[in-house]
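Each residue takes its place number in the sequence, starting with 1. Everything numeric here is computed off the predicted structure, so don't read it as measured data.
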Amino acid sequence: MAGLMGALLVLCLVAVAAVPAFGKDYTVGDSQGWTSGVDYSTWASDKKFQVGDTLSFTYSGLHSVDEVAKSDYGSCSTSNALQTHTDGTTKISLTAPGSRYFICGTAGHCAGGMKLAVTVAKAGSASPPTGSSPTTPTPSGGSSTSPPSTPNSPSPPGPAGGKSAAGFSGFRGGDAVVLGGLIGLGLVVMG
């Protein structure tokens, strides 16, 4: 009986440790979603985006979510879009620290303010390195044809679900729970 209690205790501790490891899901624009007339710089200004978080874009068929390089963000250009989404419910996993840039690809929408820049901090960081929302750069008269530097590149798609466990290098939260369960089971069998 003591072995079973020990196993349950270990399983509970691992489960509790894994819960904060899951990232937060941010609905871009909150109840208004991804649409014209929302100030996304203000929306992002009080957010602390971290690796493991997810951006959820909800929008009508009139809009799109284009991930672009910093230079294309400043000039509202989609000609070199890194990713384009038109499904109406787009989830973007933030899998690496750095800046990410999103604009609406519908003509005139980005210039009208339908754009979002976020700075992603390492998981577990107290705050992003340079603030939550990078300032909008002044357009330099055109878009760059060279690839963006590493800090401005999008994060590669992460593991299934896009959520990583902080402090478990290479482990997802679900993996930690399974590992804890196996350890607990081993304690029961041995005890």
Side-chain angles (χ1 to χ4, degrees), residues 23-123 125 127-164:
K24 182 171 178 154
D25 183 38
Y26 290 97
T27 300
V28 175
D30 295 323
S31 62
Q32 296 176 5
W34 183 242
T35 190
S36 300
V38 177
D39 183 347
Y40 293 102
S41 293
T42 299
W43 174 83
S45 66
D46 65 344
K47 312 283 188 289
K48 302 231 185 302
F49 303 103
Q50 296 186 358
V51 170
D53 290 346
T54 303
L55 298 176
S56 294
F57 292 83
T58 303
Y59 51 99
S60 70
L62 183 62
H63 304 295
S64 68
V65 176
D66 289 3
E67 184 165 7
V68 296
K70 182 178 181 178
S71 59
D72 290 330
Y73 175 85
S75 62
C76 289
S77 173
T78 59
S79 61
N80 298 314
L82 304 169
Q83 295 183 34
T84 298
H85 305 275
T86 58
D87 60 359
T89 55
T90 300
K91 287 195 176 284
I92 304 288
S93 297
L94 304 177
T95 57
S99 296
R100 305 276 298 264
Y101 303 93
F102 305 94
I103 64 175
C104 179
T106 303
H109 289 198
C110 174
M114 202 169 164
K115 58 199 287 185
L116 172 66
V118 299
T119 299
V120 182
K122 292 179 185 175
S125 297
S127 64
T130 59
S132 296
S133 180
T135 58
T136 304
T138 306
S140 59
S143 61
S144 170
T145 56
S146 62
S149 62
T150 303
N152 296 331
S153 297
S155 305
K163 297 185 179 176
S164 58

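Scanning for side chain to side chain donor-acceptor pair (under 3.5 Å) contacts around Lys24 gives an empty result, with sequence neighbours left out.
The SG atoms of Cys104 and Cys110 are placed at least 2.5 angstrom from each other.
For the residue pair Gln50 and Val120, the shortest heavy atom distance occurs at C-CG1, 3.6 Å. Smallest separation of non-hydrogen atoms from Ala121 and Pro97: C-CB, 4.3 Å. Closest approach of Lys48 and Asp53 over heavy atoms only: O-OD2, 3.8 Å. Heavy atoms only, all atoms of each residue included: Val65 and Phe102 are closest at CG1-CD2, 4.0 Å. Closest approach of Ala111 and Cys76 over heavy atoms only: N-SG, 3.5 Å. Shortest non-hydrogen contact noted between Ala123 and Val51 is CB-O, 3.6 Å.
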Met114 and Thr106: side chain to side chain contact (heavy atoms under 4.5 Å, CB included), yes or no, with the steps? CA-CA 10 Å; Met114 202 169 164; Thr106 303; over 6 Å; no
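Atom NE2 of His85 and atom CD1 of Ile92 lie 3.5 Å apart (nearest 0.5 Å). Atom-to-atom distance recorded for His63:NE2 and Ser36:OG is 4.5 Å, nearest 0.5 angstrom. Residue Leu116 holds its CG atom at 11.0 Å from OH of Tyr101, rounded to the nearest 0.5 Å. To the nearest 0.5 Å, atom CG of residue Leu94 and atom OG1 of residue Thr119 are 10.5 Å apart. Here Ile103 contributes atom CD1 and Glu67 contributes atom CD; the two are 10.5 Å apart, rounded to the nearest 0.5 Å.
Residue Asp66 forms a side chain to side chain contact (heavy atoms under 4.5 Å, CB included) with just one option from Asp72, Leu82, Thr84, and that option is Thr84.
Note on ring orientation: taking the six-membered ring where Trp is involved, the planes of Trp34 and Phe57 are perpendicular (angle over 60°, cut-offs 30° and 60°). In this pair, Trp43 and Phe49 present their aromatic rings tilted. The plane angle is within the 30 to 60° band.
A side-chain N or O of Asp87 and one of Thr90 form a donor-acceptor pair less than 3.5 Å apart. In this model, no donor atom of one side chain and acceptor atom of the other lie less than 3.5 Å apart for Thr95 and Ser93.
Thr78 places no side-chain N or O within donor-acceptor distance of the main-chain N or O of Gly105, the cut-off being under 3.5 Å. A distance-only check finds a donor-acceptor pair linking the side chain of Lys115 to the backbone of Tyr73 [under 3.5 Å].
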